[in-house]
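Read through the structure below, which is laid out as structure tokens, and then see the notes.
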Amino acid sequence: MSQIIKPKSISGFPEWLPAERYIELKWFDTIREIFESYGFCSIETPSVEALEVLTAKGEVDKEIYVIERLHKEDGEKEARLALHFDQTVPMARYVAQNFNELKFPFKRYQMQRVWRGERPQAGRFREFYQCDIDVINVDNLPLYFDAECPAIMVEILQKLDIGSFKMQLNNRKILAGFCQALGIDDFVPVTRIVDKLEKIGADNVKKQLLTELSLSDAQANQILSFASIKSSDDGFAKAVRDLGVSHPTLDEGIDELVFVINTLNNLVKGNFEVDMSIVRGLDYYTGTVYETRFTDAPSYGSICSGGRYEDLAGNYINKKLPGVGISIGFSRLFDYIRAQGKLPKGRQSPADMLIVLFDESQRLWAIDLAKQLRNGEFLAAGRKMNVEIYHSATKLKKQLSYASEKGIPYVVFPPADPGGMPELKFMDDPDRAQEALTKLTGF
RNA sequence: GCGGCUGUAGCUCAGUGGUAGAGCCCUCGGUUGUGGUCCGAGUUGCCGCGGGUUCGAUCCCCGUCAGUCGCCCCA
């Protein structure tokens with residue numbers, strides 16, 4: 001007897017049951033439709049990139065999966081390939097490589113899996129889907145896109161009906177200028193600490209600013225006052241200026257963010273908040289940054305983040321290509337709603353109808369009917385149906401429970417006598433078959 | 001990468017120093033062409049893996065692997 005391998009899923013590599021997958025596909029459809037409704041085109045890049053492409057930015061704090069051939073000979077030379085950990089880096093490579101074929105501003109979306117070798121946790125996977133949009137232009141990119149990208153994402157999140165959430169935004173130039181005005185040259189370490197304000201509280205943030213960065217008490221206090229500023233409109237600008245700190249970069253950041261939040265509030269209603277503590281750890285962001293959390297579970301992590309970068313493709317081409325992009329952490333989002341039991345009830349089967357058989361002699365009739373239903377020839381509305389024929393003329397009880405358990409809403413019974421009309425049964429409510437049929441056909 | 005907790009049937013879990021149980025699920029049945037309920041019957045386990053203590057370990061000890069939570073980081 002051969003050894004059986006106990007089947008189990010690998011932690012951090014999510015997979016769903018058919019009914020859940022059914023909903024997941026609906027979500028992908030919704031996202032794709034809205035991306036395209038704003039004129040974003042689709043591209044797909046390979047799962048792997050040359051390792052040097054992924055590590056071109058220098059600091060490699062992302063856990064990268066490297067792939068290798070099992071039968072590679074010792075000492076055999078082979079290009080080092082690795083699974084991409086996001087879609088921004090592959091896109092940058094793609095844009096640089098195809099620069100002459102693309103029309104700018106280049107607006108693309110990408111919905112693919114990415115891989116990170118981190119420790120899995122609730123909402124943190126090692127393989128997951130991201131749905132990205134980015135706009136890239138040559139030399140200069142209009143600030144309008146800093147508002148359009150998040151507006152699209154919020155429209156999607158509203159459409160997906162995920163419950164209460166808030167997208168927070170900021171502009172890194174504001175903190176950068178603020179720090180410089182306070183005499184702090186390197187503001188990046190400050191961002192890491194300030195970013196944790198909501199999580200660890202003001203006292204701990206201050207403590208870390210004092211001990212880890214050796215800031216003065218006055219500097220720490222100023223930064224704390226600054227980081228606590230929030231507003232749902234451009235009111236933050238006055239609050240920041242009232243702190244009495246002045247710097248050209250600071251002013252530039254404020255002006256940009258005022259434009260972005262005002263534009264945003266015209267594009268999509270609600271869900272936005274300017275928050276000076278949102279700065280993002282990633283240091284390639286140079287302007288507007290975004291982060292999105294569930295209102296009732298802020299510590300779950302961001303489900304949609306991104307920002308503007310001055311020049312992302314500089315490693316691959318001798319041109320300046322600024323961009324702005326934002327990404328839905330699809331798997332993180334989907335799994336949260338799934339785990340909360342808030343997913344719409346999916347179906348185990350996409351079949352709309354099951355044709356049952358009382359006798360094998362009815363199979364040819366069933367095959368013919370199924371063909372018509374699939375082609376939309378049978379129903380007046382021309383709607384194409386997904387149709388399954390039960391595989392054997394067994395007990396009706398078995399055939400019906402098959403339909404019931406797979407979530408197939410309609411069952412068709414062969415006519416009592418050849419040439420007669422088939423009977424239609426609506427599984428959810430057998431008494432309302434006719435009504436259901438009306439709904440089905442659109443009449 | 002660091003720290004806490006947990007590993008027993010497909011799932012959720014109980015249990016005892018003498019090689020194991022419940023519920024759910026699943027399969028079949030309760031006769032002839034209408035599912036979900038109910039009733040009956042039945043299947044299922046290297047008690048994570050390796051070593052140690054012991055006459056004997058699923059239970060105690062050590063290690064290991066896996067899972068999970070927190071930190072770090074991030075979608």
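Numbers restart at 1 for each chain; the letters A, B, ... are given by sequence-line order, proteins then strands.
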* May I ask you to decide whether A:E127 forms a salt bridge with A:R113, counting only side-chain N to carboxylate O separations under 4.0 Å? => yes

* Touch class at under 4.0 angstrom, heavy-atom based, for A:C131 against every strand present -> nothing

* Using a 4.0 Å heavy-atom cut-off across all strands, classify A:L396 as base, sugar-phosphate, or nothing. => base

* To do: Using the C1' atoms only, state how far B:C47 lies from B:A66, rounded to an integer number of Å.
  => 16 Å

* Structure fact -> Closest to the side chain of A:A122, out of B:C69, B:G35, B:A75, is B:C69

* Considering only side-chain heavy atoms of A:R126, which listed nucleotide, B:C73, B:G1, B:G67, is closest? -> B:G67

* To do: Could you work out the separation of B:U64 and B:C69 based on their P atoms and round it to a whole Å?
  => 23 Å

Under 3.5 Å, which donor-acceptor pairs link side chains of residues 294-301 of chain A to any protein atom two or more places apart or in another chain?
unit_1	atom_1	unit_2	atom_2	d
A:T295	OG1	A:S164	O	3.2
A:T295	OG1	A:S164	OG	2.6
A:T295	OG1	A:F165	N	3.4
A:Y300	OH	A:R332	O	2.9

* Is A:G306 touching bases, backbone alone, or none of the nucleic acid, heavy atoms closer than 4.0 Å? -> nothing

* Under 4.0 Å between a side-chain N/O of A:K398 and OP1 or OP2 of B:U27, yes or no? -> no

* Asked: Distance from A:L81 atom CG to A:E49 atom CD, nearest 0.5 Å?
  -> 9.5 Å

* Under 3.5 Å: donor-acceptor pair, side chain of A:N271, backbone of A:M167 -> no

* Could you check whether A:Y402 gets within reach of a base, just the sugar-phosphate, or nothing at all, counting any heavy atom under 4.0 Å? => nothing

* Asked: Where the side chain of A:F358 is defined as all heavy atoms beyond and including C-beta, which of B:G35, B:G33, B:A75 is the nearest nucleotide?
  -> B:G33

* Asked: For A:Q121 and B:U68, is the shortest distance between a side-chain N/O and OP1 or OP2 below 4.0 Å?
  -> no

* To do: Assign each of A:I10 and A:S299 to its nearest nucleotide of RNA chain B by heavy atoms, then name whichever residue's nucleotide is nearer the 5' end.
  => A:I10

* Asked: Does a side-chain N-to-carboxylate-O contact under 4.0 Å join A:D29 and A:R32?
  -> yes

* Asked: Quick one: are the ring centres of A:F40 and A:Y109 less than 6.0 Å apart?
  -> no

* To do: Using the P atom on both, measure B:G52 against B:G56 and round to a whole Å.
  => 11 Å

* Asked: What interatomic distance, in whole Å, is found between C1' of B:U68 and the corresponding atom of B:A22?
  -> 25 Å

* To do: Mind checking A:F125 for me? I need base, sugar-phosphate or nothing, with any heavy atom below 4.0 Å counting as a touch.
  => base

* To do: Using the C1' atom as the reference point in each nucleotide, state the distance between B:U19 and B:C46 in Å, no decimals.
  => 11 Å

* **Candidate nucleotides B:A75, B:G35, B:C28, ranked by approach to the side chain of A:K397 - the nearest** => B:G35

* With sugar-phosphate meaning primed atoms plus P, OP1 and OP2, does A:S401 contact a base, only sugar-phosphate, or nothing at under 4.0 Å between heavy atoms? -> sugar-phosphate

* From B:G29, B:C2, B:U34, pick the nucleotide closest to the side chain of A:R119? -> B:C2

* Asked: Looking at A:F28, A:W16, A:F128, A:F125, which one forms a ring pair (Phe, Tyr, Trp, His ring centres under 6.0 Å) with A:F334?
  -> A:W16

* Compare side-chain N and O positions of A:S11 against OP1 and OP2 of B:U68 and report whether any pair is under 4.0 Å apart. => yes

* **Six-ring centre of A:Y22, A:K26 cation under 6.0 angstrom, axis tolerance 45°** => yes

* Asked: When only distance counts, do a donor and an acceptor, one from the side chain of A:R116 and one from the base of B:C74, lie under 3.5 Å apart?
  -> no

* How far does the P atom of B:G3 sit from the matching atom of B:A75, given to the nearest Å? -> 26 Å

* To do: For A:K406, answer base if it contacts any base atom (sugar-phosphate contacts may also be present), sugar-phosphate if it contacts only those atoms, and nothing otherwise; contact means non-hydrogen atoms under 4.0 Å.
  => nothing

* Asked: Hey, does A:E423 reach any base, or is it just sugar-phosphate, or nothing, if we go heavy atoms under 4.0 Å?
  -> base

* In which stems does RNA chain B show up, taking only runs of three or more Watson-Crick or G-U wobble pairs whose two distances fall under 3.5 Å? -> B:1-7 with B:65-71, B:10-13 with B:21-24, B:26-30 with B:38-42, B:48-52 with B:60-64

